[in-house]
There are 2 protein chains.
Amino acid sequence: MASRRHEIVQIAARLFAECGFGATTIRVIADEAHILSGSIYHHFDTKDEILHEVIRDAVTFLRDSTTQISKSECDAERKLVALIRLSLDVHARDHQAYSILYNERRLLRQRDGFEYVAQAKGDMYRAWQAVLQDGVAAGLFKPNLDLFLTISTINRMLNTCADWFHHDRIYEHRIGPFSLDKVVAFNLDFILGAIRHPKRISQPIPRQDSA
Amino acid sequence: MASRRHEIVQIAARLFAECGFGATTIRVIADEAHILSGSIYHHFDTKDEILHEVIRDAVTFLRDSTTQISKSECDAERKLVALIRLSLDVHARDHQAYSILYNERRLLRQRDGFEYVAQAKGDMYRAWQAVLQDGVAAGLFKPNLDLFLTISTINRMLNTCADWFHHDRIYEHRIGPFSLDKVVAFNLDFILGAIRHPKRISQPIPRQDSA
DNA sequence: GTCTATACCTTGATAGAC
DNA sequence: GTCTATCAAGGTATAGAC
């Protein structure tokens, strides 16, 4: 069956996320699967094929969920809240794949065969853009918001936050534990504080996921 | 003289920043310096020694400037503005070194001989913490601010923003040019919007550097 | 499906001539 | 200060026995 193959994919996902794709060798993956390096090539043709298997479903899921939220029926602020929650939730669902998608973004942008990643990122950018544009037009967000800088900043914030929460935290000794709920709440406060229309700054934040 | 040595350091800085430390080979550095790979070892004992030379001054400068701002005589909000501006300015001063310091943070945290980097980051964290604590106590910032999450978030924001501005931008084709001033102004608006006390949300932001 | 064995390449680093 | 020449280690990938 494909079960052994999937086992190898999971081992590779962990190693790619922890050490990076370039720094993870076929031999180490094989070691952790308790087989020899040559045997990996019975399951996969190349190292790249393993990377595809690690990230492909994650890319599709995030793109589909993002566009679905942007096309839902609620107001722009609830959509934004749902998008922020989604960004942090998917990392909880499969933090290794999403961590790799962010940290290997340069590689994924240039490597032959990975064009679908850039394509999906383009789709997601346009979904965020539509949501923010709506919110500005409806007077929910600051009127003079630079959409590109805002989307770029929020995405970098959420990606690096999730990466810290699910990975870097191991190395941080000076801090106590944070729950995912607390981290989500912090990011909602921070981001909405930054982009809400000044007149709405003290309104309660819609905490429910709307998707 | 040490001039040839410095030339090699500059070439290495560019390559480490663009391709990563691990992906940059001694041979490529030598190629760009128009010498053979073996000749590099007349100037440096190891590849690590080149990395030290690339980052050491940048670490010292940022740590000293950060602690200096935190100990200056103005109010906490002006200090925070100065710290934000400093973070973005140092990348303009030597974006390669600061980009490496952020992107190779895992390596720098674990590698023998690089303990001074973690030491400086600890000093800087404590400086930021003192500034935010002051601001909360003085009623300038939100009273219930989680200091660790706030500092961590702002630092990730500024580091990834500067990295995007000075490097990733090359690959972004859909956007027009942004000036550094515009990016600084955006980040000041975003961060102060997120952490200011609600009653002060419409006050003008002190734009002058106070250091 | 895994092992043995290995081809072929690139890596960081070294020794000694010039 | 650079070159020639090279080493030992480790990288991806392959072929064929079991």
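Residue numbers begin at 1 in each chain, while the letters A, B, ... track the order of the sequences.
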Peer 1: Which side-chain N or O atoms in residues 27-41 of chain B pair as donor and acceptor under 3.5 Å with protein atoms at least two apart or in another chain?
Peer 2:
{"unit_1": "B:Glu32", "atom_1": "OE1", "unit_2": "B:Arg14", "atom_2": "NH1", "d": "3.3"}
{"unit_1": "B:Glu32", "atom_1": "OE1", "unit_2": "B:Arg14", "atom_2": "NH2", "d": "2.8"}

Peer 1: I'd like a list of close polar pairs between nucleotides 16-18 of chain C and the protein, N/O only, cut-off under 3.5 Å.
Peer 2:
none

Peer 1: Does the side chain of B:Tyr41 get closer than 4.0 angstrom to OP1 or OP2 of C:dT14 through an N or O atom?
Peer 2: no

Peer 1: Less than 4.5 Å apart, any side-chain heavy atom of A:Thr153 and any of B:Cys161?
Peer 2: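 When only atoms from C-beta onward are counted, B:Cys161 and A:Thr153 do not touch, as no gap falls below 4.5 Å.
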
Peer 1: Could you give the CD1-to-P distance, from A:Ile8 to D:dT12, as a whole number of Å?
Peer 2: 14 Å

Peer 1: Just how far, in rounded Å, is C1' of D:dA9 from NZ of B:Lys47?
Peer 2: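 It works out to 15 Å between those atoms.
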
Peer 1: Would A:Arg156 and A:Thr160 satisfy side chain to side chain donor-acceptor pair (under 3.5 Å), going step by step from the backbone distance to the final call?
Peer 2: CA-CA 6 Å; A:Arg156 284 184 274 107; A:Thr160 58; over 6 Å; no

Peer 1: Whole Å only: how far is the CD atom of A:Glu49 from the P atom of D:dT12?
Peer 2: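 After rounding, the reported distance stands at 15 Å.
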
Peer 1: B:Ile29 has an atom CD1; how far is it from atom P of C:dT10, in whole Å?
Peer 2: 17 Å

Peer 1: A:Asp31 CG to D:dT12 P: how many Å, rounded?
Peer 2: 12 Å

Peer 1: Do A:Thr60 and A:Arg56 pass the side chain to side chain donor-acceptor pair (under 3.5 Å) test, and can you show the C-alpha distance, the side-chain angles, and the key distance before you say yes or no?
Peer 2: CA-CA 6 Å; A:Thr60 304; A:Arg56 184 167 313 181; over 6 Å; no

Peer 1: Which residues pass the side chain to side chain contact (heavy atoms under 4.5 Å, CB included) test with A:Gln10, not counting sequence neighbours?
Peer 2: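 Side chain to side chain contact (heavy atoms under 4.5 Å, CB included) check on A:Gln10 returns A:His6.
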
Peer 1: Starting at the 5' end of DNA chain D and moving along, which residue's nearest nucleotide shows up first, B:Ile35 or A:Val28?
Peer 2: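 Comparing both residues, the 5'-ward one is B:Ile35.
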
Peer 1: Walk me through it: do A:Arg207 and A:Asp189 pass the test salt bridge (charged side-chain N to carboxylate O under 4.0 Å, His left out)?
Peer 2: CA-CA 10 Å; A:Arg207 302 277 173 185; A:Asp189 280 346; 3.1 Å; yes

Peer 1: Round to the nearest Å and state the distance from B:Asp48 atom CG to C:dT11 atom C1'.
Peer 2: 14 Å

Peer 1: Does the Lys NZ or Arg CZ of A:Lys47 fall within the cation-pi geometry relative to A:Phe21 - under 6.0 Å from the ring centre and within 45° of the axis?
Peer 2: yes

Peer 1: Are A:His42 and C:dT2 close enough that a side-chain N or O sits under 4.0 Å from OP1 or OP2?
Peer 2: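 No.
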
Peer 1: Using the 3.5 Å cut-off, write out each protein N or O paired with an N or O of nucleotides 4-9 of chain C and the distance between them.
Peer 2:
none

Peer 1: Who passes salt bridge (charged side-chain N to carboxylate O under 4.0 Å, His left out) against B:Arg196, sequence neighbours left out?
Peer 2: B:Glu77

Peer 1: In whole Å, what is the span from the NE2 atom of A:His43 to the P atom of D:dA13?
Peer 2: 15 Å

Peer 1: What residues form a side chain to side chain contact (heavy atoms under 4.5 Å, CB included) with A:Asp146, not counting sequence neighbours?
Peer 2: A:Phe148, A:Leu149, B:Phe178, B:Lys182

Peer 1: What is the distance, rounded to the nearest whole Å, between atom CD1 of B:Ile40 and atom C1' of C:dT14?
Peer 2: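 Atom CD1 in B:Ile40 sits about 15 Å away from atom C1' in C:dT14.
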
